[in-house]
Amino acid sequence: MGIVDRYIIKKYLGTFGFILLLLSTVVLVIDVQAKKPRIEENGFQLSEFLTQYYPFWIIYLVMTFMSILVFIAVIFFTSRMANNTEIVAIISSGASFHRFARPYFITSLFIGLFSLVINHYVLPWANIQKNELEAYTMNARKREQIIGSAPVSAQINVNEYIFIHSYNKKEKRGSGFAYRKYDKDKRLVYQLLAAEMYWDDAKQHFVLSSFHEKTVNKDDSEKLTSGAETFRKFGFPPEELFPDQLLGQTKTTPELLRFIDREREKGNSNLNTYLNELYQRTAMPVSVIVLTFLALALASEKKRGGLGVNLAIGIALAFIFVFSFEALKVVSENKTLPPVVAMWLPNMVFAPLAAILYFRRANQ
């Protein structure tokens, strides 16, 4: 690795680190000021959130906007090099543009691989910590949707179903429980009703109170039993029986793959939210390399207007890129596009654009 390589890598990482620190600090201060009243209204001290919520929220935020941070960093320091005619001097010394771009590739590959590991294994852990308290930063209506009680249902497999009239996911407790099992002809063969239910974490089973059982025999005769309390295991913990949209965020990739496979075996076809999460974990780190070369192609040529014009173009393109991810998530969840296409489409569009602009610049 030559002097120029080390110089560019140092500028890349230094600028990226500075922008990361600056924007994280600004966003953190703004978010704390905005959410402080709600935090205190819910009986928490701000100091609790500063140590138990915001460190994990920052990890989530950085990984979400990693592509933007990289893109802006490359635009910034490359534009300054172009304005100072450093790029012209390097290429005039006999180095090709492809050789000049090598440290960009090395650094973006390092950041991309680092992001890949974080996305697949570390970010889910951070999301578990973040999601524990996130509901208390929201308004009353949204908070009630997350930690309040609501009707839920679950399909264990093609023949077994659970319905709960009112269930609190945070407390893992509900009322109006019904479990029904059907045969292959969709004829009811067993039913279990209970007035109250809760999940026993220590013993890993459901506790059902004031229960009534009905078993339907082949001759259509019925056997009825009832009691004060019974225990049942339905093969899955309540988090997986009654998953919410945030569940995918809290599972490492091997865990998420196993969860998706189990849901498919159960006959659940509404998996696009979890598949979006799965594919995005790889697509976003790859975008670091794509946007690095796009930024290099845009900023390495000295333009009238200099750094300001390049930054304006760069910020606009970066936000279009990230916004497209969020928009395509909605499209995928509505089953308009397959999740793998939706999550990779921004890279599929921007990669050819980056390649065209890069080779046009290299051939000048």
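If you're wondering where the values come from, they're calculated on a predicted model, not measured in any experiment. Just so it is clear, the values below take in all heavy atoms, side chains as well, and ignore hydrogens, waters and symmetry mates.
Looking at R281 and P124, their side chains come closer than 4.5 Å, going by heavy atoms from C-beta outward. Between Y274 and P339 the shortest side-chain heavy-atom distance does not fall below 4.5 Å.
In terms of modelled atom types and a separation under 3.5 Å, the side chain of T282 and the main chain of L278 share no donor-acceptor contact. The backbone N or O of T137 lies less than 3.5 Å from a partner atom in the side chain of R38, making a donor-acceptor pair. Using modelled atom types, no side-chain atom of E40 and backbone atom of P37 make a donor-acceptor pair closer than 3.5 Å. Remark: the backbone N or O of E48 is paired with a side-chain donor or acceptor of T51 at under 3.5 angstrom. In this structure a side-chain-to-backbone donor-acceptor pair under 3.5 Å is missing from S332 to L328. Counting only distance, with no hydrogens or angles, the side chain of E160 and the backbone of N157 share no donor-acceptor pair below 3.5 Å. Between the D31 side chain and the V27 main chain, no donor and acceptor come within less than 3.5 Å of each other.
Screening I164, I162, V207 for a side chain to side chain contact (heavy atoms under 4.5 Å, CB included) involving M197 leaves a single residue, I164.
Salt bridge annotation for D5-R99: present, with a cationic side-chain nitrogen under 4.0 angstrom from a carboxylate oxygen. In this structure, K172 pairs ionically with E239, as a charged nitrogen and a carboxylate oxygen lie closer than 4.0 Å. A salt bridge links E326 with K329: the closest approach of a Lys/Arg side-chain nitrogen to an acidic carboxylate oxygen falls below 4.0 angstrom. With respect to the salt-bridge test (charged N to carboxylate O, under 4.0 angstrom), the residues K218 and D183 do not qualify.
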**Intermediate values then yes/no, side-chain contact (heavy atoms from CB on, under 4.5 Å), V152 and K169** = CA-CA 10 Å; V152 296; K169 291 183 179 180; 4.2 Å; yes
**Derivation and outcome, side-chain contact (heavy atoms from CB on, under 4.5 Å), residues I118 and M66** = CA-CA 11 Å; I118 296 294; M66 178 68 75; over 6 Å; no
**side-chain contact (heavy atoms from CB on, under 4.5 Å) assessment of V189 paired with N159** = CA-CA 10 Å; V189 294; N159 296 320; over 6 Å; no
**Request:** Please report the C-alpha distance between N272 and L275 in whole Å, then the side-chain angles of each, then the deciding distance to 0.1 Å, and finally whether the side-chain contact (heavy atoms from CB on, under 4.5 Å) criterion is met.
**Result:** CA-CA 5 Å; N272 283 14; L275 291 169; 4.1 Å; yes
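Atom CZ of R173 is separated from atom OG of S166 by 12.0 Å, given to the nearest 0.5 angstrom. Rounded to the nearest 0.5 Å, atoms OG1 (T64) and CE (M284) are 6.5 Å apart. Summarising the geometry, atom CG belonging to L247 is positioned 8.0 Å from atom CG belonging to L256; distances are rounded to the nearest 0.5 Å. Atom-to-atom distance recorded for I39:CD1 and F49:CZ is 4.5 Å, nearest 0.5 angstrom. Atom OG of residue S24 and atom OH of residue Y54 lie 13.5 Å apart, to the nearest 0.5 angstrom. Atom OG1 of T250 sits about 13.5 Å away from atom CH2 of W125, to the nearest 0.5 Å.
Closest approach of S209 and A194 over heavy atoms only: O-CB, 3.6 Å. The shortest non-hydrogen separation linking E263 to E240 is OE2-O, 3.6 Å. Scanning both residues, P352 and N347, for their nearest heavy atoms gives CD-O, 4.0 Å. F163 approaches R180 most closely through the heavy-atom pair CD1-NH1, 3.5 Å. The two residues V74 and T292 come nearest to each other via the heavy atoms CG1-O, 3.8 Å. The two residues E134 and M138 come nearest to each other via the heavy atoms O-CG, 3.7 Å.
Taking the six-membered ring for Trp and the full ring otherwise, W57 and Y60 have centroids separated by 6.0 Å or more. Taking the six-membered ring for Trp, F177 and Y167 have ring centres at least 6.0 Å apart. Aromatic ring centres of F325 and F321 lie closer together than 6.0 Å. Annotation: Y179 is in aromatic contact with F234 [ring centroid separation under 6.0 Å].
At most 12 non-hydrogen atoms from other residues, nucleotides or ligands lie less than 6.0 angstrom from NZ of K181. Counting non-hydrogen atoms of other residues, nucleotides and ligands closer than 6.0 Å to NE2 of H165 gives a total of 12 or fewer. More than 12 heavy-atom neighbours from other residues, nucleotides or ligands sit within 6.0 angstrom of OH on Y190. When the shell of 6.0 Å around NZ of K186 is examined, it contains more than 12 heavy atoms from other residues, nucleotides or ligands.
F18 and L61 fall within a single hydrophobic cluster, where Ile, Leu, Val, Met, Phe, Trp and Tyr are joined by side-chain heavy atoms under 4.5 Å apart, directly or via other members.
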Side-chain donor-acceptor distances from residues 104-115 under 3.5 Å, at least two apart:
residue, atom, partner, partner atom, Å
Y104, OH, T78, OG1, 2.9
T107, OG1, P103, O, 2.7
S108, OG, Y104, O, 3.0
S108, OG, F105, O, 3.0
S115, OG, I111, O, 2.8

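Defined by atom type and a distance below 3.5 Å, a donor-acceptor pair is missing between the side-chain atoms of T336 and N334. Judged purely by distance below 3.5 Å, without hydrogens or angles, the side chains of E86 and Y7 pair a donor atom with an acceptor atom.
Both the sub-6.0 Å distance and the 45° axial angle are not jointly satisfied by K11 relative to the ring of F77. For the pair R232 and F206, the cation-pi test (distance below 6.0 Å, angle within 45°) is failed.
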